[in-house]
Amino acid sequence: MAGQSEQLDFIWEGVDKERKKTNGIIAAKSEIIAKTELRRQGYRVTKIRKKPKPLFSPRVRPITPADIAVFARQLATMLAAGIPLVQAFDIVGKGHENPSMQTMLLSVKADVEGGDTLAEALKKKPLYFDELFCNLVNAGEQAGVLETLLDKIATYKEKTESMKKKIKKALTYPIAVIVVAFIVTAILLLFVVPVFEDMFKSFGADLPAFTRMVVTMSQWLKEWWWVVLGIIIIAVYVFIYFKKRSPPFNHFLDKTLLKMPIIGVIMTKSAIARFARTLSTMSAAGVPLVDALQSVAGSCGNIIYAEAVLKMREEVATGQRLQFAMLQTNLFPHMVQQMVAIGEESGSMDAMLAKVADFFEEEVDNLVDNLSSLMEPIIMVVLGILIGGLVVAMYLPIFKMGAAVG
């Protein structure tokens, strides 16, 4: 059944309305649909065949959120310049450097040409266009301000992706350095320490306790390295497996991250910034608050905050004010609650939430920079203890012998 909905590329030749020979490539679910679509566009097809797949096809480049952000910005710019939607899709799709993105956009274009609204066409690609994106596009089409809403979507996506990169930088930099340090330590224990061990045996003298400990570790690792490697691989696989498939594990992981020193503060401020930015964007688009909170919950980036937003949605649906619903979660600072209260009173919720998002995004920037500065001396200490400790352990017997000879 999945193969029936797959879009295929067809190479065609024919003549246009002015009887000029022309050719091209069209994406369709079957040859009959491709011919029908070309006939509807005014072409008389003389020859059509499925585009053959290359013998050695290059690795497919996945579609990333950054690609979607660029697409939203380009489409908003072209619509603002007065270019018709279908033509804008054609330009953006064919001009994109990612082949996967080209195929996907041309497929959306075909659905729009077939009579779907843009929001309906995008909903057919849930892997790339989430509920928030589709709801905003739908609101823009209904109000006749699609280019304005696409501009807001592009800004939202750009800021969200920028924050994700900062969070990844904060988490991956120290982890990567520590992993490299442990790899270097393992190499020293497996290949360097045994050389010193053979040399120490020729001395025939008692080794210092620290050196004996390191030599014992080296002997153990040489014998059981495959067990250690297997445990690491299994641990990584189990982590990835449960991260993708287990809501309780993700709940525990997100809760733990929020409680960690420094990292927890960054994750908290990031979740609040994303909550505020998303709700601001949807409020500016005129999406009702109850509907908006449903989409906002999925964009917080943390299960704890997502669950809190869904509880807030239930409270708001019963007539509760958003400010009081936020108060009951105990997750939002007093400043955020007050800004929301001002927005509710003055009818400028989108502007107030945008200011909240700007403030917390700047806070995250500063915290990530401070974390990088703080981690450098800590990493140096870890490297010094691991690698420097091994070097000292290997040279202690030499120093001891030198002192005895002296």
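On a predicted model such as this, the values are computed, not experimentally measured, just so you know.
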- Asn250 side chain vs Ser246 backbone, donor-acceptor pair below 3.5 Å: yes

- Sorted by first residue and then second, give each ring pair (Phe, Tyr, Trp, His ring centres under 6.0 Å) pair with at least one member in residues 129-157; sequence neighbours left out. Phe71-Phe129, Phe129-Phe133

- Message: Check whether Thr117 reaches the backbone of Glu120 with its side chain - one donor and one acceptor, N or O, closer than 3.5 Å.
- Response: yes

- Considering all heavy atoms of both residues, which atom of Val309 and which atom of Leu293 are nearest to each other, and what is their separation? CG1-O, 3.4 Å

- Message: Check for me whether the distance between the ring centres of Tyr305 and Phe332 falls short of 6.0 Å.
- Response: yes

- Query: Do you know which two heavy atoms are closest between Ala121 and Val112, and how far apart they sit?
  - Reply: CB-CG2, 3.9 Å

- Task: Count the heavy atoms of every other residue, nucleotide or ligand shown that sit under 6.0 Å from CG of Leu127, and state whether that count exceeds 12.
- Result: yes

- Item | Donor + acceptor pair across side chains of Ser107, Lys125 (<3.5 Å) | yes

- Message: Donor-acceptor check, side chain of Arg313 to backbone of Val290, threshold 3.5 angstrom: yes or no?
- Response: yes

- Message: Could you report the tightest heavy-atom contact between Ala88 and Ile83, atom names first, then the distance?
- Response: N-CG2, 3.8 Å

- Query: Only one of Thr268, Leu331, Leu258 clears side-chain contact (heavy atoms from CB on, under 4.5 Å) with Asn302; which?
  - Reply: Leu258

- Is a side-chain donor-acceptor pair under 3.5 Å present for Asp151 with Thr148? no

- Message: Is it true that Asp16 and Thr22 share a donor-acceptor pair across their side chains at a distance under 3.5 Å?
- Response: no

- Task: Please step through salt bridge (Lys or Arg N to Asp or Glu O under 4.0 Å) for the pair Arg40 and Glu37, ending with a clear verdict.
- Result: CA-CA 5 Å; Arg40 193 182 68 80; Glu37 177 59 27; 3.0 Å; yes

- Looking at Ala393 and Thr211, what are the two nearest heavy atoms and their distance? O-OG1, 2.6 Å

- Verify the distance criterion only: is there a donor paired with an acceptor across the side chains of Arg277 and Thr155 at less than 3.5 Å? no

- Query: Under the criterion side-chain contact (heavy atoms from CB on, under 4.5 Å), which of Leu75, Ile153, Leu132 is the partner of Val137?
  - Reply: Ile153

- Taking all heavy atoms of Glu161 and all of Pro65, pick out the closest pair and write down the distance. OE2-CB, 3.1 Å

